[in-house]
Enquirer: 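The following block contains the structure, expressed as structure tokens.
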Amino acid sequence: MTRDSTETPPAGGPTLQPAPDDAREVAASEDGSLDPLEVLPVPYAAEENPIAMSAFTEILSEDTLPETEFLPEPTPSGRRAEIDPDKLDPDALKVIHRLHSHGHQAYLVGGCVRDLMLGRTPKDFDIATSAHPGEVRAIFRNCRLIGRRFRLAHIYFKGGKIIEVSTFRANPTELDASNGEAPAENGEEEGSEAEESQDLLITHDNVFGTAEQDARRRDFTMNGLFYEVAEGQVIDYVRGRRDIDERYIRTIGDPEIRMREDPVRILRAVRFAAKLGLDIESRTYAAMEGAVEDLPRCAPARLLEETFRLIRGGVAAPTLRLLAALDALKVLLPPVAAYFKEQGRRSQDTFYAYAEALDRRVSSGEPLDDAILLAALLVPIAQTAPVVESQDPSVRPSVAQAIEDLLAEFVQSARLPRRIAERCRLLLIAQRTLTGERRRRTGAFRRHPLFNDALIVFEIAVEATGQYREALEAWKRGELPPVKPAEGTSTEGGEAPRKRRRRRRRGGRNKTGAGEGASASAAAGAESSGGEASDSGDSDDDSGGDADSGDDSESGADSDIDSESDEG
């Protein structure tokens with residue numbers, strides 16, 4: 001995916017076209033033919049057409065085009081196609097053919113070309129074209145433009161499938177270097193521009209360009225390859241073919257400049273290295289180490305999204321190891337970095353065991369939402385940190401303060417949905433009940449909407465450490481595991497863990513004599529020793545303290561995952 005923008009290139013630059021203000025001002029070609037796509041409704045931007053995306057994709061589900069027999073021969077020049085045509089996406093071929101028929105350049109680009117050359121199956125097919133976004137939307141009636149600055153075209157097909165089409169762009173840094181800065185009107189502006197020129201961070205990626213400029217402005221050589229479908233040939237402006245053959249990740253141009261232009265490229269390089277099994281070229285790796293200090297300057301939402309991409313791809317363990325070596329975890333996941341520093345080498349082994357167990361679960365194809373992924377990584381931190389159990393019924397149960405702070409920061413600055421943050425918090429709280437540290441009525445706890453997700457996180461923890469396997473089997477059988485004392489659990493003020501309250505005798509105090517008193521004491525002792533098994537834990541000290549109704553709960557009654565079980 002690329003960033004979006006549509007501003008005008010600097011004065012004196014090469015022949016570059018700014019995007020039209022009105023994306024509809026370019027008329028469709030009037031060739032007299034009516035295509036099946038032409039009769040489909042045109043979706044407007046979100047502010048113009050508030051129709052839900054689900055309804056939009058349902059309307060477009062009837063989109064059809066003739067099959068690929070309309071395409072020219074893959075190799076009209078007689079050369080053998082470098083990529084097997086059977087591995088190309090038919091819908092992407094339709095889009096390319098339509099753009100060609102309207103006189104525009106169009107190529108497969110980026111990750112799909114890279115993956116095909118590495119013998120992998122691409123997850124999607126992106127297209128780069130000389131057509132401006134307005135021209136693309138005029139050509140395809142099943143098209144929607146996204147982005148406020150640089151617009152991208154999304155073309156919809158059956159089943160919600162999307163082919164993304166971007167317009168060729170130029171690197172603004174290269175344009176400034178080749179053409180020089182525009183003359184300033186006064187000394188004050190000139191000084192400010194001189195200061196800004198020392199800052200390599202790209203804040204505007206907003207000019208259209210040529211195919212070669214578009215290839216050169218990309219991050220790594222392996223991502224700068226184009227594929228010409230009609231000729232069946234790979235177009236290589238940046239020597240990406242060489243690096244794919246040598247299995248290297250190398251930046252396009254000076255790595256020091258490219259990493260500081262966009263420090264998020266550090267995370268992308270780490271993800272590609274782990275996912276594709278490639279090595280990072282030495283100068284590129286050195287530049288990544290130097291650019292880590294610039295990561296806080298990036299938009300927190302971009303950093304969080306790239307972090308989740310590392311976890312969702314089933315390569316969390318190797319990527320987190322690389323990020324730890326680069327000292328980037330202190331920016332991305334501060335509680336994990338603090339956990340490593342405080343707990344030592346053994347804590348790292350435990351954490352990576354959790355990450356590897358999570359990777360195996362993701363690689364098996366089981367769909368896991370972001371709350372489960374994040375909770376599975378934070379379980380070892382939550383288990384190590386002491387938990388304060390408040391006796392105030394109005395105070396909801398909590399996890400380690402470092403985790404609470406991390407989730408709050410994600411919500412406030414990185415635009416993490418509050419729903420995901422709250423689900424993650426509740427899943428971590430539920431682990432104490434699943435391990436037997438906190439007793440709850442089995443039926444009520446099992447009926448909680450998050451019980452199954454909490455059990456998935458618990459299974460990952462058991463697989464990582466080998467502990468609590470008996471408790472896991474008991475939960476799967478529908479039984480209640482034995483109560484175990486919570487390690488590190490304390491009350492407010494640093495006191496020892498609270499003892500269970502003794503059940504009151506309904507008959508009151510016996511005042512009839514010493515012998516009878518001794519008998520009553522013996523009976524009370526028997527009751528207190530056996531009461532725990534008989535009452536299934538509904539008289540424990542947490543029964544009053546957890547019966548709160550927090551505002552941020554996942555359930556409909558707004559109660560946390562443990563509290564509602566005490567209601568019977």
Side-chain angles (χ1 to χ4, degrees), residues 1 3 199-202 219-220 223 248-251 254-345 347-356 358-359 362 370 373-374 376-378 380-381 402-403 405-410 412-416 424:
M1 299 292 290
R3 287 182 293 166
D199 189 356
L200 298 176
L201 185 70
I202 291 180
D219 48 9
F220 305 110
N223 292 336
Y248 270 128
I249 297 175
R250 191 191 311 268
T251 58
D254 187 343
E256 291 286 343
I257 294 177
R258 301 315 298 273
M259 286 297 168
R260 292 191 180 274
E261 284 178 348
D262 186 4
V264 173
R265 289 169 179 164
I266 297 173
L267 307 187
R268 290 172 56 81
V270 167
R271 176 160 56 90
F272 292 143
K275 179 181 177 181
L276 305 176
L278 306 179
D279 294 325
I280 302 176
E281 185 259 340
S282 58
R283 292 182 63 237
T284 300
Y285 186 84
M288 291 165 59
E289 289 181 310
V292 165
E293 62 186 21
D294 291 331
L295 278 174
R297 302 182 62 194
C298 299
R302 288 189 68 207
L303 293 178
L304 181 61
E305 177 58 27
E306 286 294 336
T307 303
F308 271 120
R309 285 186 179 183
L310 303 178
I311 305 172
R312 297 185 194 120
V315 290
T319 54
L320 291 172
R321 288 181 188 273
L322 268 174
L323 291 174
L326 291 166
D327 202 22
L329 288 181
K330 63 183 180 182
V331 178
L332 303 174
L333 296 171
V336 177
Y339 173 69
F340 287 172
K341 184 176 180 180
E342 295 170 2
Q343 303 297 325
R345 178 68 183 180
S347 67
Q348 298 184 31
D349 296 338
T350 301
F351 178 81
Y352 291 129
Y354 276 84
E356 290 167 358
L358 178 60
D359 287 342
V362 172
D370 289 343
L373 297 174
L374 188 58
L377 289 180
L378 296 179
I381 294 97
I403 296 178
D405 294 341
L406 176 69
L407 296 177
E409 179 68 20
F410 282 168
Q412 293 173 5
S413 63
R415 293 187 292 184
L416 179 70
C424 177

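Below, all heavy atoms of this structure are taken into account, side chains as well, without hydrogens, waters or symmetry copies. Remember, predicted model here, so these are calculated numbers, not experimental data.
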Enquirer: Hey, are the side chains of Leu332 and Glu306 touching, using non-hydrogen atoms and a 4.5 Å cut-off?
Expert: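 No, side chains not in contact.
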Enquirer: If we only count heavy atoms from C-beta on, is the Leu323 to Leu333 side-chain gap below 4.5 Å?
Expert: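 Leu323 does not reach Leu333 side chain to side chain.
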Enquirer: Decide side-chain contact (heavy atoms from CB on, under 4.5 Å) for Arg268 and Asn223; before the verdict, give the C-alpha distance in whole Å, the side-chain angles of both, and the deciding distance to 0.1 Å.
Expert: CA-CA 11 Å; Arg268 290 172 56 81; Asn223 292 336; 3.8 Å; yes
Enquirer: Does Phe410 offer a backbone N or O that forms a donor-acceptor pair with the side chain of Ser413 under 3.5 Å?
Expert: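 It does not hold such a pair.
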Enquirer: Is there a side-chain contact (heavy atoms from CB on, under 4.5 Å) between Leu322 and Met288 once you walk through the steps?
Expert: CA-CA 11 Å; Leu322 268 174; Met288 291 165 59; over 6 Å; no
Enquirer: State the NZ-CG distance between Lys330 and Leu295, to the nearest 0.5 angstrom.
Expert: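 With rounding to 0.5 Å, NZ (Lys330) is 9.5 Å from CG (Leu295).
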Enquirer: Under the side chain to side chain contact (heavy atoms under 4.5 Å, CB included) rule, collect the residues that match up with Lys275, sequence neighbours excluded.
Expert: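 Result, side chain to side chain contact (heavy atoms under 4.5 Å, CB included) vs Lys275: Arg120.
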Enquirer: Establish, yes or no, whether a centroid distance under 6.0 Å links the rings of Phe340 and Tyr352.
Expert: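 When the ring centroids of Phe340 and Tyr352 are compared, they turn out to be within the sub-6.0 Å range.
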Enquirer: Work out which heavy atom in Tyr354 is nearest to a heavy atom in Ala376; give both atom names and the distance.
Expert: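 Closest approach of Tyr354 to Ala376: CD2-O, 3.5 Å.
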Enquirer: Ala328 and Val292: which non-hydrogen atoms are nearest, and at how many Å?
Expert: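 Shortest heavy-atom contact: CA-CG1, 4.1 Å.
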Enquirer: Just how far is it from atom CG of Leu374 to atom CG of Leu406, taken to the nearest 0.5 Å?
Expert: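 One finds 6.5 Å between CG of Leu374 and CG of Leu406.
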Enquirer: Looking only at heavy atoms, which two atoms of Ile381 and Pro335 are closest? And how far apart?
Expert: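 Answer, listing the atom of Ile381 first, then Pro335: CG1-O, 4.2 Å.
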Enquirer: Please examine the side chains of Tyr285 and Asp279, heavy atoms only from C-beta on, and report whether any two atoms are closer than 4.5 Å.
Expert: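 Not touching, per the 4.5 Å side-chain cut-off.
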Enquirer: Nearest 0.5 Å please: distance from the CZ atom of Arg271 over to the CD1 atom of Ile311.
Expert: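 CD1 of Ile311 is found 12.5 Å from CZ of Arg271.
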Enquirer: Do the non-hydrogen side-chain atoms of Val264 and Leu303 ever get within less than 4.5 Å of each other?
Expert: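 Yes, close enough: below the 4.5 Å cut-off.
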Enquirer: Are Asp359 and Pro318 close enough that some pair of their side-chain heavy atoms sits under 4.5 Å apart?
Expert: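 Yes; the side chains approach each other to less than 4.5 Å.
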Enquirer: Would you say Arg265's side chain and Arg258's backbone share a donor-acceptor pair under 3.5 angstrom?
Expert: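 Between the backbone of Arg258 and the side chain of Arg265 there is a qualifying donor-acceptor contact (under 3.5 Å).
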Enquirer: How would you list, by chain and number, every residue that makes a ring pair (Phe, Tyr, Trp, His ring centres under 6.0 Å) with Phe272, sequence neighbours excluded?
Expert: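 Checked Phe272 against ring pair (Phe, Tyr, Trp, His ring centres under 6.0 Å); zero matches.
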Enquirer: Would you check, one step at a time, whether the test side-chain contact (heavy atoms from CB on, under 4.5 Å) holds for Thr284 with Met259?
Expert: CA-CA 8 Å; Thr284 300; Met259 286 297 168; 3.9 Å; yes
Enquirer: Can you check side-chain contact (heavy atoms from CB on, under 4.5 Å) on Leu320 and Val336, steps first, answer last?
Expert: CA-CA 10 Å; Leu320 291 172; Val336 177; over 6 Å; no
Enquirer: In the structure I gave you, are the side-chain heavy atoms of Thr251 and Glu256 within less than 4.5 Å of one another anywhere?
Expert: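 Contact flag for Thr251/Glu256 side chains = no.
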Enquirer: Given side chains that start at C-beta, do those of Asp370 and Leu416 come closer than 4.5 Å, heavy atoms only?
Expert: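 Contact flag for Asp370/Leu416 side chains = no.
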Enquirer: Can you tell me how far the OG1 atom of Thr350 sits from the CZ atom of Arg345, to the nearest 0.5 Å?
Expert: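 With rounding to 0.5 Å, OG1 (Thr350) is 11.0 Å from CZ (Arg345).
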Enquirer: Go through it in stages, so that I can follow the logic: the residues are Arg309 and Glu305, the test is salt bridge (Lys or Arg N to Asp or Glu O under 4.0 Å), and I'd like the CA-CA distance, side-chain angles, deciding distance and then a yes or no.
Expert: CA-CA 6 Å; Arg309 285 186 179 183; Glu305 177 58 27; 3.7 Å; yes
Enquirer: Once you round to the nearest 0.5 Å, how far does CG of Leu407 lie from SG of Cys424?
Expert: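 Output value for this atom pair is 5.0 Å.
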Enquirer: Of all heavy-atom pairs between Ile280 and Ala269, which one has the smallest distance, and what is that distance?
Expert: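 In terms of heavy atoms, the two residues are closest at CD1-O, 4.2 Å.
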Enquirer: Determine yes or no for a side-chain-to-main-chain donor-acceptor pair under 3.5 angstrom, with Arg260 supplying the side chain and Gly290 the backbone.
Expert: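 Present.
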Enquirer: If every non-hydrogen atom of Pro263 is compared with every non-hydrogen atom of Ala291, which pair is closest and at what distance?
Expert: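 Closest approach of Pro263 to Ala291, heavy atoms only: CB-O, 4.1 Å.
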Enquirer: As an exercise, state the distance from CG of Asp219 to CD1 of Ile249, rounded to the nearest 0.5 Å.
Expert: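 Rounded to the nearest 0.5 Å, the CG-CD1 separation comes out at 10.0 Å.
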Enquirer: How about Arg415: does its CZ atom have over 12 heavy atoms from other parts shown lying under 6.0 Å from it?
Expert: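 12 or below, so no.
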Enquirer: Would you name the heavy atoms of Pro296 and Glu293 that are closest together and state the gap between them?
Expert: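 That would be CD-O, 3.3 Å.
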Enquirer: Do Val362 and Leu373 touch side chain to side chain, with heavy atoms closer than 4.5 Å?
Expert: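 Of all side-chain heavy-atom pairs linking Leu373 with Val362, at least one is under 4.5 Å.
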